[in-house]
Structures are given as C-alpha cells and as structure tokens.
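Report on the structure given below.
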Amino acid sequence: MANERLRAALLQKGVNIAGLAEAIEVAPKTVERWVTKGREPYRKHRFAAASYLGVDEAYLWPDALTREQVAAASGSEVIAIYPHRWAVPRDIWGRLFSAASQEIGVLAYSGLFLADDGGMVRLFADKARAGVKVRVLLGDPDSAEVAQRGSDEGVGESMAAQIRSALVFYRPITGLDNVEIRLHHTVLYNSIYRADDEYLINTHVYGTRAGNAPVLHLRRVVGGDMVATYAESYEKVWAQARPVES
C-alpha cells in the first residue's frame, strides 16, 4: 500500500521524490518505493527523511517504529545470561523468591535442585503464609513426555524418580493456603522460575541435562515482549495440568 502520509508530507514541503532523494542521498527509485509501495526505509533514512520534511518519524512510519521500540524494550528485559544453570550464583535464586510479594511460580520437569533445598521449601511456605501465591508445576512422572525427556537427557527412568522425590520434598507445603502443585504432560522447551515480574528461564537443550543448559535472567519492562511470552506459556501449561491431592 502507498504511504499517503509520506506523499502528503512531500506536497506540504513542496518537494518531489527526486528532491527528497537528493537531500538525503538515496536513489530516487528507492524513495519512489517508499511512497508508492509503502516500503519501510532503514532507520537512518527514516530519520533523515522525517527531519528534512519537518515531521515526526513515528507519523510517517508508525509500524516500523513500534517494532523497534518493542525490540528495544524487550532487550532491556534481559538482566543477565548464564552459560549453565549451575553457574547462576546461589544467592540469585534466594533473592528472586525472597523478593516476591504477589506470586511465585515454578515450571519444570522435576526442579529437584529447588525441592531438595529445605531452606527454599521453607521460604515458599513463609511466602504463602504471608499471602503470596505459590504455584508449582512438575512433570507427570507417568507421562510419555517425562519418559522422553529422561531419554533425551540420558537419565532414563530416573527423571520420573526425580519428580517423585520432588513431590515428597514438597509434601510439607502441600495443602497450605496459597500453595498449589500441579502435574503437567507438556513438552517443555524451557523451565520457568518466576517471582512477580522477575524470571529465570532455564533453556532445554537436546542431549544435555537442564543443570548444564543456559539460563536467562529477565525482568518485565513496560513495552517489552519477552517476559510476556514466557508468562503466557506458563499460564497455558497451568490451565491443562492436574492438581496434586494434599
């Protein structure tokens, strides 16, 4: 579609396509495509054209600017990147969940490294008693998806055993107000650990145990899209998972 805003700005300025092309040092055919076909210039050309015409860049190319703003905001959501989960400093996990004032969420197959930490389980209990919603999603140990993940990691049936162990470790908080544990049968591409608007995303890599895979540390930023994507994924898994009876 033609860019009628750009065409109108040219008319208002009293300059033709060739004149704009000469002013910002691009080929006239390039500017013609911007006007008649609605092509989007590179950022430096958008800025130069808007400055020359005396109008706002966002007015001439609102869609392009919106995408760049979202990309910039999403990049700002990345706090840190760790090459392996074991490389995440231990205090990061404690600070993440300790700072939660509304919600704590876990989505993993077993997440045994958390469940086996008595201090972390007590922290979950304390947070729940303080009114923080604690939601834990673990893989269904009897599901085909868990069996496949065990095979992919090279640990076989021990993956299901790890989940059953995690359920035992979580038993002291199962049944507490504000605590709910569910079992899912989803193929996970990431494990998600969340506290309000801050997330640790443990990627899953074929043939590699989760503890050896990279972790993204994210915090929601207004206008960003990365955290929102993981939050939506979490909710989709939660909606189809079955509760663990207390």
Side-chain angles (χ1 to χ4, degrees), residues 1-84 88 96 102-103 105 107 186-206 208 213-240:
M1 295 178 62
N3 189 331
E4 297 300 339
R5 292 184 178 185
L6 178 56
R7 193 193 305 275
L10 287 167
L11 291 173
Q12 187 172 3
K13 179 75 173 180
V15 64
N16 58 19
I17 286 175
L20 176 60
E22 181 179 0
I24 64 173
E25 300 181 343
V26 298
K29 285 288 187 182
T30 299
V31 177
E32 183 179 359
R33 286 193 289 270
W34 298 348
V35 176
T36 61
K37 299 183 182 299
R39 300 283 177 83
E40 293 175 356
Y42 293 119
R43 178 66 189 273
K44 66 177 183 179
H45 293 147
R46 294 202 309 267
F47 178 78
S51 297
Y52 178 75
L53 295 172
V55 295
D56 195 307
E57 179 187 353
Y59 171 75
L60 295 177
W61 295 284
D63 292 341
L65 197 58
T66 298
R67 285 196 297 272
E68 288 180 353
Q69 289 170 333
V70 170
S74 297
S76 298
E77 291 184 313
V78 180
I79 297 174
I81 300 174
Y82 300 95
H84 313 286
V88 180
L96 175 78
Q102 296 179 318
E103 180 173 2
L107 168 59
T186 308
V187 176
L188 293 184
Y189 303 100
N190 305 274
S191 295
I192 299 175
Y193 305 92
R194 58 190 290 191
D196 297 341
D197 288 333
E198 194 164 338
Y199 287 60
L200 288 170
I201 307 298
N202 187 183
T203 64
H204 290 186
V205 179
Y206 180 80
T208 300
V215 170
L216 305 177
H217 189 175
L218 308 177
R219 182 180 294 130
R220 189 188 299 271
V221 170
V222 175
D225 229 15
M226 289 184 66
V227 167
T229 298
Y230 287 113
E232 182 180 354
S233 175
Y234 185 98
E235 296 303 333
K236 286 181 178 179
V237 179
W238 182 262
Q240 56 83 40

Distance check, rounded to the nearest 0.5 Å: [X] atom [atom1] versus [Y] atom [atom2]?
| X | Y | atom1 | atom2 | value |
| --- | --- | --- | --- | --- |
| I201 | S233 | CD1 | OG | 8.5 Å |
| Y189 | T203 | OH | OG1 | 13.5 Å |
| L20 | W34 | CG | CH2 | 6.5 Å |
| T36 | M1 | OG1 | CE | 13.0 Å |
| R46 | L60 | CZ | CG | 10.0 Å |

So which heavy atom on [X] is nearest to which on [Y], and how close?
| X | Y | value |
| --- | --- | --- |
| A213 | V205 | CB-CG2, 4.0 Å |
| Y230 | I192 | O-CD1, 3.6 Å |
| L96 | Y199 | CD1-N, 4.3 Å |
| V26 | H45 | CG1-NE2, 3.5 Å |
| I79 | L218 | CD1-C, 4.1 Å |
| N16 | L10 | O-CD2, 4.1 Å |

- Message: Closer than 3.5 angstrom, by distance alone: can the side chain of K37 be matched with the main-chain N or O of E32 as a donor-acceptor pair?
- Response: no
- Query: Where the side chain of H217 meets the backbone of V78, is there a donor-acceptor pair that is under 3.5 Å apart?
  - Reply: no
- Check against side-chain contact (heavy atoms from CB on, under 4.5 Å), V35 and N3: CA-CA 5 Å; V35 176; N3 189 331; 5.6 Å; no
- Are more than 12 heavy atoms from other residues, nucleotides or ligands located less than 6.0 Å from atom CD of E235? yes
- Message: Is it true that, when you exclude R39 itself, more than 12 heavy atoms of the residues, nucleotides or ligands shown sit nearer than 6.0 Å to its CZ?
- Response: no
Any side-chain heavy atom of [X] within less than 4.5 Å of one from [Y]?
| X | Y | value |
| --- | --- | --- |
| E77 | R219 | no |
| V227 | D197 | no |
| P62 | R5 | yes |
| H84 | P214 | no |
| T186 | Q240 | yes |
| P41 | W61 | yes |

- Item | Geometric cation-pi criterion R194 and Y234, 6.0 Å radius, 45° cone | yes
- Query: What residue among T30, V31, L6 forms side-chain contact (heavy atoms from CB on, under 4.5 Å) with I17?
  - Reply: V31
